[in-house]
Amino acid sequence: MPKEGITTRAQDYAQWYLDIVEKADMADYSPVRGCMVIKPLGYALWENIQRELDRRIKETGHQNAYFPLFIPMSFLTKEAEHVEGFAPEVAIVTKGGGEDLAEPLVVRPTSEAIIGHSFARWVHSWRDLPLLINQWANVVRWEMRTRPFLRTTEFLWQEGHTVHATEAEAEEETLKILHEVYADFVEKEMALPVLRGRKTDREKFAGALRTYAIEAMMQDGRALQAGTSHNLGQNFAKAFDIKYTTADNREEYGWTTSWGVSTRLIGALIMAHSDDEGLIAPPRLAPVQVVIVPIYRSDAERALVMEAVDRLTREWSGRFRLKVDDRPQLTPGFKYNEWEVKGVPLRVEVGPRDVTQGTAAVARRDVPGKAGKAFVPQAGLADHLAALLEEIQRSLYERALRFREEHTREVSSYDELKEAIETGFARAYWDGSDADEGLIQHETRATIRVIPLEQPEKAGRCVLTGRETTQQVIFARAY
RNA sequence: CGGGGUGUGGCGCAGUCCGGUAGCGCACUCGGUUUGGGACCGAGUGGUCGCCAGUUCGAAUCUGGCCACCCCGACCA
């Protein structure tokens, strides 16, 4: 049954997304344009995302630290490409304590500059390297057009910043983050398959040597950049004077990297898995994994049912993130709908009939309606639920992967490319220039999302120029 | 920054053309009956109609100005 107040995906995908955010109660608008209030459900998702990412970031040897919100204006201008890229979208503080500041302060749009300054003070010797730091922070970018989670003026993220002795080590770090932290997290925890690849020069980070990214496909066939990892070369080391002395007493600039993912991931999670009924949260990140709805008429039945619920859940302690919805005066049907909109993966119903029969009704969020509901024995219920949560996690991933495969076409002509990007990704041989890419963007609104790391063995002809090349790229419209 | 739209109880809207005591649905509060797919009945609370100025005996409604937000595009995690 379509839920009240949720536009269907078929009607208007963009409006559907906004409706899900609102009806699932994940975020609210704020008095400041483009800024968003993250409500408890949205924030609980973020906390779970943080926990899993933070674990991977630490397992790969990084430590958390925190750097200031304000950056002296002059710092931002030290790296030429960097300032050019970010200047149009920074917020600037010119007054403090009622006085004009001697130097305006930029509210960080990203922290390469302020962290670069610190790193220059921290790094002296080859023994100080590699320096592997991460911070969880908010940043501000004055965007023209905003959308909850996908693009907001202020957003939350993590940004890793590292310094290495050699170019090869910096490159290794950049790719390690891409694979072992970002792709691993998004595929395993978010149940969302990603394409891994390099960005073209047009799309790379301002000031980077090379940018790598993971790209995911949303249910409307558009691409969403889920994370980026930059090899900054020596650009920032030179701008901020990050130098070290080698083992044979030579002075060298360090090689730096930076990488980040943001609350945008919540937007990706919503758009990739949810349906016209509401949010579908992947079990591994769902703030509530199992909701129990007790059903009763009289006080006597209530006592009976609640006793069974208490007995069951006592045995589950710690196994699930669990919610017992014993709110009085609300009908079971109302509760089913509410938890469906909020994306809880499993619902367990326990009523008088179940108490007598030793059963419970279990409903899967990812399989709507009767098809996803079954009466199962109370004995062994916890194991059954645990298995179902894993099954849902796997099923969501496979569904998203199948969708991406069905909406990805190999194209060999510009006409085919134009057609393919209407519904999904276009994989094409490419030997064009930056200007050619700009032309295609102008004509089709599609851009090269990634140059996939996995490339074909044999050569083909560039979709635009017709020149022979071995390089394939992915074109798509992006969020 | 261009284009479109909207500002009226917490939310969604009607009323504006044609000026005359601000209304509906949901939500909320209280009482009762209900509860296996969004319960029902009854009684209530709540709004200087985005802001400023003007016209008028009288403005949500007419005139002028301003502001804000949303949606669609170009720029971007």
Side-chain angles (χ1 to χ4, degrees), chain A residues 1-7 12 14-15 17-18 22-23 28-35 85-90 109-110 138-159 182 199 202-206 211 213-216 223-230 258-268 277-278 293-299 301-302 305 325-341 347-355 357 359-361 363 368-370 372-373 375 438 441-442 445 447 477-479:
Chain A
M1 288 289 286
K3 296 286 190 282
E4 268 174 36
I6 298 178
T7 307
D12 182 345
Q15 187 58 48
Y17 172 78
L18 293 168
E22 185 192 330
K23 299 298 174 192
D28 203 359
Y29 295 101
S30 85
V32 181
R33 189 192 70 84
C35 292
F86 282 100
E89 58 186 37
V90 293
T110 178
N138 59 339
V139 288
V140 167
R141 297 181 188 176
W142 220 261
E143 301 287 354
M144 290 298 136
R145 176 145 145 62
T146 60
R147 281 188 218 247
F149 294 114
L150 295 177
R151 187 174 304 104
T152 47
T153 302
E154 177 189 6
F155 57 94
L156 307 182
W157 76 347
Q158 61 67 221
E159 48 179 324
Y182 291 163
K199 288 286 182 182
R202 274 175 63 88
E203 298 277 329
K204 75 175 189 191
F205 178 75
T211 289
I214 51 173
E215 293 275 335
L224 188 131
Q225 180 172 299
T228 47
S229 184
H230 316 291
S258 71
W259 28 276
V261 299
S262 72
T263 34
R264 167 181 264 198
L265 286 177
I266 297 172
E277 319 287 308
V293 179
I295 297 156
Y296 46 80
R297 293 162 201 272
S298 60
D299 282 352
E301 277 186 351
R302 181 187 144 84
V305 165
D325 188 355
D326 57 357
R327 289 175 295 175
Q329 279 125 20
L330 292 176
T331 62
F334 181 91
K335 293 176 183 177
Y336 300 166
N337 277 281
E338 177 165 321
W339 295 111
E340 277 168 8
V341 174
R347 181 182 73 240
V348 176
E349 306 165 18
V350 180
R353 280 210 308 272
D354 297 302
V355 175
Q357 295 171 6
T359 58
K370 277 191 179 158
K373 185 163 159 175
F375 285 87
Q441 176 174 10
H442 183 71
R445 285 165 47 215
T447 50
R477 289 184 180 149
Y479 275 97

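Protein chains get the first letters and strands the later ones, always in sequence-line order, with residue 1 at the start of each. From a predicted model like this one, the values you see are computed outputs, not experimental measurements.
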Q) When every nucleotide of nucleotides 70-77 of chain B is labelled 5' to 3' by its protein contacts under 4.0 Å (heavy atoms), B for base, S for sugar-phosphate only, - for none, what sequence of letters results? A) SSSBBSBB

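The nearest heavy atom of RNA chain B to A/Phe375 and to A/Lys23 marks one nucleotide each, and the one closer to the 5' end goes with A/Lys23.
Taking atom P in both B/C72 and B/U29, one finds a spacing of 35 Å when rounded to whole Å. Only the P atoms considered, B/C30 is 23 Å distant from B/G36, to the nearest whole Å. Comparing the C1' positions of B/C75 and B/C26 gives a spacing of 40 Å, expressed to the nearest Å. Here the separation of B/A27 from B/G12, taken at their C1' atoms, is 11 Å to the nearest Å. B/U6 sits 24 Å from B/C18 when the C1' atoms are compared, rounded to a whole Å. Between B/C69 and B/G20, the two P atoms lie 32 Å apart (nearest whole Å). Nucleotides B/U56 and B/A14 are separated by 32 Å at their P atoms, to the nearest Å. Spacing between B/C51 and B/C76 at atom P, rounded to whole Å, works out to 39 Å.
Remark: A/Tyr296 pairs with no residue by the ring pair (Phe, Tyr, Trp, His ring centres under 6.0 Å) rule, at least two apart or across chains. Shown here are the side chain to side chain contact (heavy atoms under 4.5 Å, CB included) partners of A/Lys335, two or more places apart in sequence or in another chain: A/Val293, A/Asp325, A/Arg327, A/Leu330, A/Trp339. Taking the salt bridge (Lys or Arg N to Asp or Glu O under 4.0 Å) definition, one finds that A/Lys199 meets it with A/Glu215, sequence neighbours left out.
Going from atom CD of A/Glu22 over to atom CD of A/Gln15 covers 9.0 Å, rounded to the nearest 0.5 Å. The CD1 atom of A/Ile266 sits 4.5 Å away from atom CZ of A/Phe149, with the distance rounded to the nearest 0.5 Å. The distance from the CD atom of A/Glu301 to the CD1 atom of A/Ile295 is 10.5 Å, given to the nearest 0.5 Å. Expressed to the nearest 0.5 Å, how far CZ of A/Arg477 lies from CZ of A/Arg445 amounts to 4.5 Å. Remark: A/Thr228 OG1 to A/Lys204 NZ distance equals 13.5 Å, nearest 0.5 Å. A/Leu18 CG to A/Thr7 OG1: the interatomic distance, rounded to the nearest 0.5 Å, is 8.5 Å.
Nucleic acid contact class of A/Pro328 (heavy atoms, under 4.0 Å, all strands): none. Using a 4.0 Å heavy-atom criterion, one finds that A/Gly260 contacts no nucleic acid atom at all.
Rounded to an integer number of Å, the gap from CZ of A/Phe334 to P of B/G38 is 11 Å. At whole-Å resolution of the value, CG in A/Asn337 and C1' in B/U35 are 14 Å apart. A straight line from CD of A/Glu22 to P of B/C69 spans 18 Å, rounded to a whole angstrom. Rounded to whole Å, the distance from CD on A/Glu338 to C1' on B/A39 is 16 Å. Across the protein-nucleic acid pair, A/Arg297 atom CZ and B/A39 atom C1' stand 13 Å apart, rounded to whole Å. Note: NZ (A/Lys370) to P (B/G36) measures 15 Å, nearest angstrom. The separation between A/Arg327 atom CZ and B/G38 atom P is 15 Å, rounded to whole Å. Per the geometry, CD belonging to A/Gln329 stands 11 Å off P belonging to B/U33, to the nearest Å.
Identified under the side chain to side chain donor-acceptor pair (under 3.5 Å) test for residues 142-158 of chain A, with sequence neighbours left out: A/Asn134-A/Gln158, A/Asn138-A/Glu154, A/Trp157-A/Glu159, A/Gln158-A/Tyr182.
OP1 or OP2 of B/A39 lies within a sub-4.0 Å distance of a side-chain N or O belonging to A/Thr331.
No N or O donor and acceptor, one from the side chain of A/Glu340 and one from the base of B/G38, sit under 3.5 Å apart.
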Q | Dot-bracket pairing map - RNA chain B, Watson-Crick plus G-U, both contacts under 3.5 Å, | cross-strand | A | ((((((((.[[[[.)....(..]]]].((((((.....)))))).....[[[[[..)....]]]]])))))))....

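Both tests do not hold together for A/Arg264 against A/Phe155: distance to the six-membered ring centre under 6.0 Å, angle to the ring axis within 45°.
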